[in-house]
Amino acid sequence: MILRPRLEDVKIIGYYLGKIILGLALTMVIPVITGLAFKEINPTFDFLIGLEAALISGLLLTKVCYTQKNLNWMQGMIVVSLSWLAAMILGAIPLYLSGHWKSYLDACFEAMSGFATTGLALVQDLDHLSFAHNLWRHLIMFIGGQGIVIVALSLFVKGASGAFKLYVGEARDERVLPNVISTSRFIWLVSIVYLVLGTLALGITGMLSGMKPVNAFFHGACIFMAAFDTGGFAPQSQNILYYHSFQLELITIVIMILGAINFKLHYHLWAGNRKEIFKNIETTTLFVTIMVTFCITAVGLTQAGSYPQALTLFRKGFYQLISGHTGTGYQTIYPQQFINEWNHLSLVGIICAMALGGAVCSTTGAIKMLRIGIIYKALKEDLKRIILPDKAFIVEKFHHIKTVFLEDKVARSALLIALCYFILYWLGALVGMYFGHPFLNALFESTSAAANVGLSCGITGTGMPAALKITYIIQMWAGRLEFMSIFTLIGFLVAAIKGK
Amino acid sequence: MKILFNVKCVMCNVFLLYALHFTLYTAYAQPISSTELINNAKIYNSKTVTYEGEIIGDVMRRGENAWINVNDGSNAIGIWINTSLLKEINYTGSYKSSGDRVEVTGVFNRACPEHGGDLDIHAQSLRKINSGRLRPQRLNPDKRNQVFILLGVLISVWILSLLKRK
């Protein structure tokens with residue numbers, strides 16, 4: 001028998017959702033200050049409207065649903081999934097008001113793409129967008145990459161037990177430090193230290209490349225936020241191609257890889273345990289998958305004759321590949337070039353890289369390296385069982401911060417999530433094909449959306465049907481949250497309708 | 001009769017040469033859109049093309065040359081140009097200004113060997129078509145009113161919540 005949710009459940013969900021919205025509202029103060037600093041009158045108003053709408057929603061929810069009770073697992077998961085939808089709806093308000101998005105749906109698409117660190121964009125005339133709006137596009141990637149809930153956890157949520165449920169709901173099942181709130185603050189500390197260093201490196205490179213100092217540092221901050229959080233938005237319409245700078249491409253490669261590494265590994269590296277990087281299952285798997293997918297891509301590009309010079313092939317092929325593998329989506333080629341100049345084999349290499357992703361507890365999306373490593377180990381264990389004598393005692397171990405024995409339930413969980421991702425990639429591809437796109441193009445764009453990458457082969461655009469936009473929004477949302485909190489929300493809604 | 005035949009041949013040849021020249025001239029001397037260039041990059045590769053659009057972002061000087069990015073409304077393409085050709089450029093496109101509109105003639109590269117495989121144009125000449133300008137920022141009264149209305153609602157909700165707590 002399905003039990004209908006109680007009013008108390010709704011109140012608890014509403015209360016915590018309100019708190020997260022209040023946290024999100026505070027982040028809109030940053031573009032307001034930016035708008036004032038650059039004397040951009042109307043953009044400042046856009047963000048004041050967005051800020052006020054978010055504050056009103058948050059206040060109403062926290063007051064109407066006031067409770068002192070803690071979250072249970074179901075409520076925590078639902079709060080997380082709803083808070084991402086609320087962030088999309090509220091975060092899209094200032095974007096839509098700017099007039100650079102053709103419809104509110106387009107603005108919602110951009111906001112979800114930003115929060116989910118995807119990087120697929122529907123903005124019009126990006127080259128004339130205000131500093132305030134451009135900063136917001138990148139800031140939402142920074143917020144979404146760390147996790148919307150982490151913002152609220154760091155600021156508002158008291159009580160470790162409720163906080164942990166929200167933290168897990170946001171697809172982070174690893175704690176860097178024993179306490180979740182300390183973990184959230186550590187994640188922010190890492191991100192802000194890298195933000196300062198990354199902005200300096202990119203800003204100086206921009207200046208040396210001939211940009212004006214203000215633009216160089218503004219672009220530096222934006223690019224850092226989108227690269228470290230494996231997002232993929234850029235301040236100009238040409239994406240990274242705008243800069244025509246090899247040095248800048250190299251720096252973004254380093255930042256993208258840093259963003260794709262587990263925060264727990266960052267902690268150990270900071271603590272001086274540098275050997276961990278060579279032993280960890282995630283880093284070793286990442287290295288192997290990068291090599292394999294790059295080989296596929298490089299062979300494809302050689303066959304196609306797209307880049308006759310080896311250095312050029314490496315620069316273009318490797319950049320798009322690292323960008324896809326880390327889930328960033330930065331491009332140094334035009335989307336149409338993927339289809340016109342890259343052959344099927346090279347596209348398959350990029351699609352595989354996008355589908356695999358980076359580390360767990362990082363800012364990347366997709367299946368992720370720990371799961372790939374575990375699935376490989378489980379497969380190896382099963383093969384040994386078949387090959388070796390029955391009496392042989394077979395154990396498989398893997399090293400992830402500490403050495404652990406591979407258990408069946410760990411392998412099952414990794415396989416299930418991987419399966420969910422594959423289904424999501426294929427469903428999106430089917431919808432793309434329904435709207436007339438060739439199979440490989442549809443799969444490319446669908447994988448890019450569901451794995452929160454942002455590389456585009458040209459399907460994403462304002463002209464695409466609303467149903468396809470909504471499909472990609474759902475894919476970005478489900479891919480970022482890794483399904484569980486969304487399944488819980490669906491279950492909750494079913495129970496509300498059918499329950500007794 | 002033979003002389004008449006020779007004259008005819010010469011005229012035909014002249015006409016063919018003129019037609020061929022005219023065909024080539026229209027293919028590459030008329031401005032080509034960015035979409036056309038990107039979608040048919042292999043056809044235009046290493047050919048002299050004319051491209052027209054608004055200069056956006058920064059003029060990035062690199063020694064004697066500079067990078068400018070020219071947007072024709074669909075895409076922006078990077079132009080590698082000698083700085084001496086940029087003397088007339090006063091405005092580049094941003095939130096606060098429309099950039100100068102220019103016509104660039106140069107060699108189109110699908111994957112430029114000199115610039116790491118970038119799709120670009122190496123400019124031979126640049127002509128300013130229209131001057132850019134600062135874009136006036138007018139306060140939008142509707143937005144201002146919405147800010148004040150929402151501020152009123154926000155304060156009301158806050159006061160009501162304080163009263164409820166008491």
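In this text, all values refer to a predicted model and were calculated from it rather than measured experimentally. So that the names make sense, note that chain A is the first sequence line, chain B the second, and so on, each numbered from 1.
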*B:Ile149 versus chain A, heavy atoms under 4.5 Å apart: side chain, backbone, both or neither?*
neither

*Checking A:Tyr334 against chain B: side chain, backbone, both or neither under 4.5 Å from a heavy atom?*
side chain

*Who wins among B:Val157, B:Asp118, B:Asn140 for the most heavy-atom pairs under 4.5 Å with chain A?*
B:Asp118

*Taking B:Glu54, B:Gln137, B:His115, B:Arg61 one by one, which has the highest count of heavy-atom pairs under 4.5 Å against chain A?*
B:Gln137

_Let me confirm one number: the CG-CD1 distance from B:Asn39 to A:Ile339, rounded to the nearest 0.5 Å._
11.0 Å

*Interface moiety of A:Leu129 toward chain B, non-hydrogen atoms closer than 4.5 Å*: backbone

*Against chain B, label A:Glu40 side chain, backbone, both or neither, depending on which of its atoms sit under 4.5 Å from a heavy atom there.*
both

*A:Ser130 portion near chain B, given a 4.5 angstrom heavy-atom threshold*: both

*Report yes or no: do B:Asn69 and A:His244 form a side-chain donor-acceptor pair below 3.5 Å?*
yes

*Using non-hydrogen atoms and a 4.5 Å limit, figure out which bit of A:Asn215 sits close to chain B: side chain, backbone, both or neither.*
side chain

*Partner chain A: residue of B:Ile38, B:Leu139, B:Asn40 with the largest heavy-atom pair count (under 4.5 Å)*: B:Ile38

_N-O pairing of A:Glu341 and B:Arg110 below 4.0 Å_ = yes

*What part of B:Ser97 gets closer than 4.5 Å to chain A, counting heavy atoms only: side chain, backbone, both or neither?*
backbone

*Do you know which two heavy atoms are closest between A:Ser237 and B:Ala76, and how far apart they sit?*
OG-CB, 4.1 Å

